[in-house]
Structures are given as structure tokens and as C-alpha cells.
Amino acid sequence: MADPLDYIRGFGVTFKKLFEERLTLQYRGGKGKPGKPDEKREKGLRFHGRHVLNRYEDGMEKCIGCELCAGVCPAKCIYVRGADNDPDNPTSPGERFGYVYQINYLRCIHCDLCVEACPTQAITESKLFEFSFTNRNDAIYTKNELLVDDNGKPRWLPWEDWRDGEDEHTSAWMRATSPAGDHRYEGVVAWSGELGHGVRSPEVGQSDSADESSRPEMATTEVEQ
Amino acid sequence: MILALDPLYLTNIGLAVVLIALLKVVLAFAIVLVAVLFMVWFERKVIADMQHRIGPNIAGPWGLFQTLADGLKLLMKEDLVPEHSNRFVFKLAPFLAIVPAFLTFAIIPIGGNFESKGGSVRIFGYDTYLQVADPPIGILLFLAMSSIAVYGVMLAGWSSGSKFPLLGSVRASAQMVSYEAALGLSVLAVILQTGSLSTHEMVADQAAGGFLGFIPNWNIIVTGFVPFLIFLIAGTAELNRPPFDLVEAEQELVGGFHTEYSSFRFAIFFLAEYLNTINMSAIIVTLFLGGPSGPVLIEGIDWAWGILWFLVKLFVFLFAFVWFRATLPRFRYDQLMDLGWKLLIPLSLGWFLFLAALNIGNDRGWNPGVVVGVTIVGGFAGGALLMAAIRTARTERISQEVDAHG
């Protein structure tokens, strides 16, 4: 038998809420007025957003057209066709490069298996999820949209709602899990991050998780240019 | 003679009197519509506040025009009539819901100087009450209208020619009919106290000086709080508002009786629902909290104080109804029926008999202590008999079920 006073206490609980903090953020899908900009919640470091195709520091594309991403994709949303590099004017270091690279965002489930499968860390995910289309063809992103620009940042396409800082840490998901999930990589600089960011601090694996303070800042250790 | 209680109609009825009566009707209509707009906004805002949200805040200042925008949107929607519906009844039902709601508002006194002028105000040189009509049957009109509103809900569900609306309307009629009994019995306590059915008389009665000079002579105190509580609970059930909103339990019945309604017909049901909420709050204020009666603090604008006190009291109950919705989970159907038939009706009937005994004892000069003692003993005896009857019936039913199903 419940305490009859609990009914009264329930009213007290709801009344108290009147004076508590609101959790709603004033987000209007990019239609914020001047003086009243959209509020956005900060996204997690390992957030899975839309993909980017990365490039090396010298501007070469990382993709080698191996199609492992397309093979592992559970939603079958990636289409890759590789081609031989022109020896005089190569697109990527090595023999092959991704000649055609398409992702259909009506199918993509943002599982990041493609990111894990990629042998050259060519494909990673940014934190952008606010993009939409008015027809099906627009949902298919090609290399034009996916490839990072000369500064190594994702392109801000006009129909996407980018905010400052959202195009950074596009490889955070990979570094967070330590490459290939191999514990030997813990505390070791396994691979450099995105183009233009130099070497980031190495991942601390789960065996060190008890020591919270030793967890690396995802913020970067910039290398002097 | 039906409207003759209003001093306006005691003078020679000429063009001016007719025009004043018309003005009152038009004003009441406008007030009601604006009040509904406000109420919908108010409910959404308060319930948002109670759930850590912000609520509507885009359309107009603080989102005040949100309801207007929603109404306009509904007007422009396609008006669908289901193929298997009874077309005439389907189109009639919304009006059966909205017209009684408007009519109920007519008997509510929303202002007047009850301190010195007997509840009347002067408009254009004529004394009149600030209510559209003050019929001698008064509060019975409210009970009659809330009964007719059941038809709107019932016929809407039935004529839709669809399963869920029918289930919703069957629930609605059972619920509204059973709670009407408790509602009427708690109104009886007030009628007993006032000795009149007229809403204006009730307010005037409560405006008289109370105990010790500062406790008001409101019926909530005079009738001993219990009829007020029963009226509040039964009223919530009558409105089909949470926690008694089984009629439109979204999780079970899609939209309840108005599932098949769209466009303006749906808007009418929506309007009627919120109008009934305002009406019920106003009736509670009139019956138990002295309506617009209250002190006139500044002479000269004495007409404004009645309206102010009325609005303040009304506001308390509008908030209370939203508060109920934010706090209480929905009743199960058998719990709803148990509460109505096994608790509220016997309790309100018992309390009515108790008040009646007190009044008779007072008239005959009996010893009040003995009267109270005897009625309490009688009440307990009756309650014990009722509980015994309920328990016997339950054991009978369970043994029958066991026999039938093994």
C-alpha cells in the first residue's frame, strides 16, 4: 500500500520543476535570427557524422582504391572504383587511387566500419549530421564533396549546417579506439592525424582507464609549421 | 419571466435594453474565444515548464500567437469525411460538442459589485448583472449542458464508422454519465446551502460576511471542503482531462473519438475541450469560491474589482487542471469506475445527508453535538454496509470466474 502522502508529494515535484533550469536548446535548424543564434549542444569526440576523404600533407590523396570500405559496408552505400596512377602526375602515393568514390547518405548508417577497414586512414568521419536533400541524387556524395580541401578541413557545403570547430578531430573515432584495437599501440603514436594538424597525442587504451587524469586531451599537440 | 431575475429586464424593455443584452452576448462570445486561445497557450507553457522545456515561443511575444497559428493551419487543412461514416451525424457531432460549451458560459457571473449593489453594475444608465443570463434554473443548465455534450462525443465516435473512435466514445459516455452523478450530488450540497439554483444568488450568498469577519463565507468552507474536492475530481473526469483522459488515450485508441476528424471539425472539438475546461473552472469558482465577490478596494471603478477577483480565482483552477495533467498518470478503466461508483458517489451522497441533517437540526433547535454524533455513526454504518456489499460481490464474481475457467 502506497503512502497516501506520496500523491501530494508528486504535486510538489512537478511544482518544483517550474523553477528549475530548462534543458531545451533554442535550435531552429540554422534559421536563427541575428542576435538570437542557434544554440547547439557540443558533440562527443567520437561522434559519427558525415565522412571525409583525407589527404596527406603534400596534398596527395590517401585513398588507394582498394574497395575494402565498400566490401565491409553493411548498408552497401559505398561505391569505389580504383584506377592506376599516372606515373608522371600521381593522385596518391603508390600504384592505385580511388578514381570514383561515392557514398549514398540515404543508406549510410554511420557505423564507421569503413573507417576501421581502411588501411590508409583515407576515410574518416566528421561530426556533421545536419544535412538534408530535396532529391535522391543529391544524397549521393562524390569525391567532389567528400575530399578535404587544401587545409585538410572538410568542405562546408551550402546545404550543410556547419559550425566553427565541427570540422576538427575528424579522425577522433579511430584514435579513440587505438588502431585495429591492438593493445600494443597504447601510448604509441601510431599514425598522424588529419592533414595540417601534425602529430596528435597517442591514445591511452582501456588498461589505463582507471587513471582518468592520464587520458589524453583530444585537443592537439600542434607541430610548428 | 425566465430572465426576469436580472434588474435589466425589470425596467421597460426598449431598444436600449435589447442592445445591451446583445452587447453582452457578443462580448461573452469574444471573451470565451480569446480565453480559449490563452488557455491552450497557458497549458502548453506551464506543462513545458514542469517538464524542463520552454514551450511555444516563436509565434508572437512569448509564443502567445501559437494557438492562432495552429487554428489557421487547421482551417487550411483538407476536410475529410470517412467513407463508412454516417455523414449527417458526423457533421452534426462537433456542433453538439461546442454549442453546450458556449451556452454554459452564459450563466457564469464574471463580475459585478457584490459589496454594496447586490452584484449589479451600471451600463449606459441601466443596472444589470455581468452575466449573459441568470435563469432561475441556474446551475441545472450547467448539468444539462454537460449531459448534452456527451452526445457530441458519443455521436462523433459512433458516426466515424471506425473501431477506435467507437471504443473511445463508449468509454467517454460511460465515464461522463457515471461522474455526472457525483458532480450533481456535490452541487446539491451547495444548493442546500444557498437555497437557490440561480448562480447569481449563489455568489450573492457567499459574498455575505463570514465568520470572525475575515474568513470568507465561501461554500468551500461552509459545506466542509468535501463537496468541493468531489466536484473537482468529478469535474476533471467530466472534462476528460488527465488523469481521466481514457477517452483519447493516445497509447490505446489513436486519437479517441475524434480520430477521424480533421480540419475545422477537429478544431471545433479542440475548442470545445478547452472551453469546457474554462467553464468548469468558472463553475467551481462560482459554486465554491464566491465567484466575483470580493472587497472593492477603490471606489469609483467598483465594476473592475469583481472581474479581477473572478479572474484571479479562475486562474488558480486553470493552473490546477494543468498541474493535474503534469503530475498524475492516467487511470486504468476499472480504477476509474471504482473511484466513481464506489467512492465518490457514496461519499457525496453521505456528505449531502450529513449537511441536510445539520440544517434540519439547526431549524428545529436540536443539540448540534447529538446531530453530528448520530450522523457520523449512521455514516459509518452505511459505509460499512457498502463495503461489505462490495466485498461480497467481488468474492461472488471471483468464484464464478473460477468455476467458469477452472
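Residue numbers begin at 1 in each chain, while the letters A, B, ... track the order of the sequences.
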*Who in residues 10-25 of chain A is close to chain B, using a strict under-4.5 Å heavy-atom cut-off?*
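Hits under 4.5 Å: A:G10, A:F11, A:T14, A:F15, A:K17, A:L18, A:E20, A:E21, A:R22, A:L23, A:T24.
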Is the [atom1] atom of [X] crowded by more than 12 outside heavy atoms at less than 6.0 Å?
X: B:R53; atom1: CZ; result: yes
X: B:W62; atom1: CH2; result: no
X: B:R394; atom1: CZ; result: no
X: A:K143; atom1: NZ; result: yes
X: B:F380; atom1: CZ; result: no

